[in-house]
Amino acid sequence: MADYRINLKGAKRRRKCHGWILYAKGDRGLNPHYVDLYCRACEKYGMSVELGICTCSRTQEESGQKQSSRTQEESGRKRSSRMQKDGRMQEDQNESAGQPLREAVSIERPAFVVNRTRDYLIAEILEELGVCVFNNSKVTELGNDKAKAYRYMEQKQIPIMATVYDSGRNPGSNMLEIYDSGRNPGSNMLEIYDSGRNPKSNIVKVYNEGRKTESNMLEVHDSGRNPKNHLTVYDVDLKSDLDMSAAYNKDIESIPYPAIIKSCSGHGGSEVYFIQDAKAHREWIEHSCQAGRAYVLQQAASDLGKDVRVYVVGNRITASVLRISDKDYRSNYCLGGQVRLYELSQEERDLVQRVISGLSIGMAGIDFIFHDGRMVFNEIEDVAGARGLYSLTDYDLVDDYVSYIREKI
């Protein structure tokens, strides 16, 4: 259960319209100059803001991922237990989560909160308390769980690279999950075709050859992908602790090499691995795959080391930056990528608008890679860096964002 504590640093001048800008404790992305941009912009629009450092009893990885299977089941029980006979909501368990944060709000309610912790649960708690949060919990969740973001875009028919989702999730989270089999991977192959039905209702149960008891059953949950994209799944030898992430060695025949493996909660090009072939994939499983982390594996785009970040403020496209690296398959500015302003074609603008549609984005960077000459969705950065943008133009992203916040509150 999360225990959020906020250490507020104070403001030089407190206005009637006063808010918080929150960072996670130890966040290397905490840039004093960037915080100062927020303070000056707030001053310009008759507001004030103070920095808050958020500590949490959960690990950062748990914050990036939705929840572990145990936490998901617990959350489901909490949601179902809220409804009482008289129709009232019973929220004692949820209120105990983040109680210090709730107490801080009760002492002095902020007019707004800029949440740069990457933790959507903080946004959820604040939203429950009626605080305006930028970005909202939905955008923060999609920005910090790549698997969820890709599935969301697939549902909207936004182009993404062919993707295989990690097996280390609860079946209720719409992931492919493989249970105990104990068979030789090469001798007991199953070919599972997705049907796009609800993963909770579309469960294929296959008993191991020569086995009769349910205790030794191979159970495969539908991954909810397009019916045309089949996954070939082999039996796997799971460790005794059933660590699904560490046992990430199902067959990936639907993805041609080279491929890219990404941690679902990584940022800034971290925890991204280039996989040249099946041998490199096996070596990654043995040496780099971290237990407890969730990953996605994608076909590598044709144009490696090249992407476009589209900055969005209040669901408006405000700027686009092309990032290129001739030394790395990653083009992030913080990793040495070169940047220049990029003019979106009408087709590309329409694609970005389709991504934005249905979301309420305060400010975010939406990244697209290039495959066969066309933009393909890559990720949402809800805590988007802007050093590259500021080096190229006089456009003040933070000023525009704070102006939007002032209008909304």
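We're numbering straight along the sequence, starting at 1.
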Step-by-step side-chain contact (heavy atoms from CB on, under 4.5 Å) determination, Tyr45 to Asp399: CA-CA 9 Å; Tyr45 293 104; Asp399 184 272; 2.8 Å; yes
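- For Arg354 (side chain) and Gln157 (main-chain N/O), a donor-acceptor pair under 3.5 Å exists by modelled atom type.
- Looking at Leu322 and Lys306, their side chains come closer than 4.5 Å, going by heavy atoms from C-beta outward.
- Between the side chains of Tyr150 and Gln155, no donor-acceptor pair of N or O atoms lies under 3.5 Å.
- Between Phe112 and Val133, the closest side-chain pair of non-hydrogen atoms is not below 4.5 Å.
- Partner of Glu43 under the salt bridge (charged side-chain N to carboxylate O under 4.0 Å, His left out) criterion, out of Arg406, Arg14, Arg15: Arg15 alone.
- Between Glu381 and Arg118, at least one side-chain N (NZ, or NE/NH1/NH2) sits under 4.0 Å from a carboxylate O, which counts as a salt bridge.
- Minimum interatomic distance between Tyr404 and Gly314 (heavy atoms only, all atoms of both residues): CE1-CA, 3.4 Å.
- Expressed to the nearest 0.5 Å, how far CD1 of Ile356 lies from CD1 of Ile361 amounts to 5.5 Å.
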Trace of the ring-ring contact (aromatic ring centres under 6.0 Å, His included) decision for Trp284 with Phe274: CA-CA 10 Å; Trp284 176 84; Phe274 181 77; over 10 Å; no
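- One finds a salt bridge joining Lys146 and Glu379 here, because a Lys/Arg side-chain nitrogen approaches an Asp/Glu carboxylate oxygen to under 4.0 Å.
- In terms of modelled atom types and a separation under 3.5 Å, the side chain of Glu286 and the main chain of Glu283 share no donor-acceptor contact.
- Note: Ser320 OG to Arg340 CZ = 13.0 Å, rounded to the nearest 0.5 Å.
- Asn136 and Tyr120 share no donor-acceptor pair across their side chains, judged by distance under 3.5 Å alone.
- The aromatic ring centres of Tyr38 and Trp20 sit 6.0 Å or more apart.
- Two residues are said to be in side-chain contact when any heavy atoms from C-beta on lie closer than 4.5 Å; Glu141 and Leu121 fail this criterion.
- With no hydrogens or angles considered, a side-chain donor-acceptor pair links Asn144 and Asp382 at under 3.5 Å.
- Distance check: Asp145 CG to Ile380 CD1 gives 11.5 Å after rounding to the nearest 0.5 Å.
- Residues Val139 and Ser360 fail the side-chain proximity criterion, which asks for heavy atoms closer than 4.5 Å.
- Ion pair Arg374/Glu347 flagged as a salt bridge, since at least one NZ, NE, NH1 or NH2 atom sits closer than 4.0 Å to an Asp/Glu carboxylate oxygen.
- From Ile6, atom CD1 reaches atom CG of Leu22 across 5.0 Å, with rounding to the nearest 0.5 Å.
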Test side-chain contact (heavy atoms from CB on, under 4.5 Å) applied to Leu297 and His281, step by step: CA-CA 10 Å; Leu297 183 145; His281 188 201; 3.8 Å; yes
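- Shortest non-hydrogen contact noted between Leu389 and Ala319 is CD1-CB, 3.8 Å.
- Nearest approach of Ala24 to Thr117, heavy atoms of both residues: N-CG2, 3.8 Å.
- Taking all atoms of both residues into account, the shortest heavy-atom contact from Pro110 to Gly19 is CB-CA, 4.1 Å.
- Here the side chains of Leu51 and Leu8 are not in contact, with every heavy-atom distance at 4.5 Å or above.
- Looking at Val310, Val321, Val308 one by one, the single match for side chain to side chain contact (heavy atoms under 4.5 Å, CB included) with Tyr342 turns out to be Val308.
- Judged by distance alone, the side chain of Asn135 and the main-chain N or O of Met363 form a donor-acceptor pair under 3.5 Å.
- Listed by chain and residue number, Tyr311, Val313, Arg316, Tyr395, Leu397, Asp400 satisfy the side-chain contact (heavy atoms from CB on, under 4.5 Å) test with Thr318 (two or more places apart in sequence, or in another chain).
- Put simply, the side chain of Leu392 reaches to within 4.5 Å of the side chain of Val339, judged on heavy atoms.
- Taken from CG in Asp367 to CZ in Arg309, the straight-line distance is 4.0 Å, to the nearest 0.5 Å.
- Counting heavy atoms of neighbouring residues, nucleotides and ligands inside a 6.0 Å radius, atom NZ of Lys25 does not exceed 12 of them.
- Using modelled atom types, one finds a donor on one side chain and an acceptor on the other under 3.5 Å when comparing Arg116 with Tyr23.
- The side-chain heavy atoms of Val398 and Tyr390, taken from C-beta on, include a pair separated by under 4.5 Å.
- Atom CG of Leu344 and atom CD of Gln353 lie 10.0 Å apart (nearest 0.5 Å).
- Between Glu124 and Ser137, the side chains place no donor N or O within less than 3.5 Å of an acceptor N or O (distance only, hydrogens not considered).
- Shortest non-hydrogen contact noted between Gly98 and Ile125 is CA-CD1, 4.0 Å.
- The shortest side-chain heavy-atom distance between Lys138 and Leu359 falls under the 4.5 Å cut-off.
- The two atoms that bring Met375 and Pro159 nearest to each other are O-CG, 4.2 Å, heavy atoms only.
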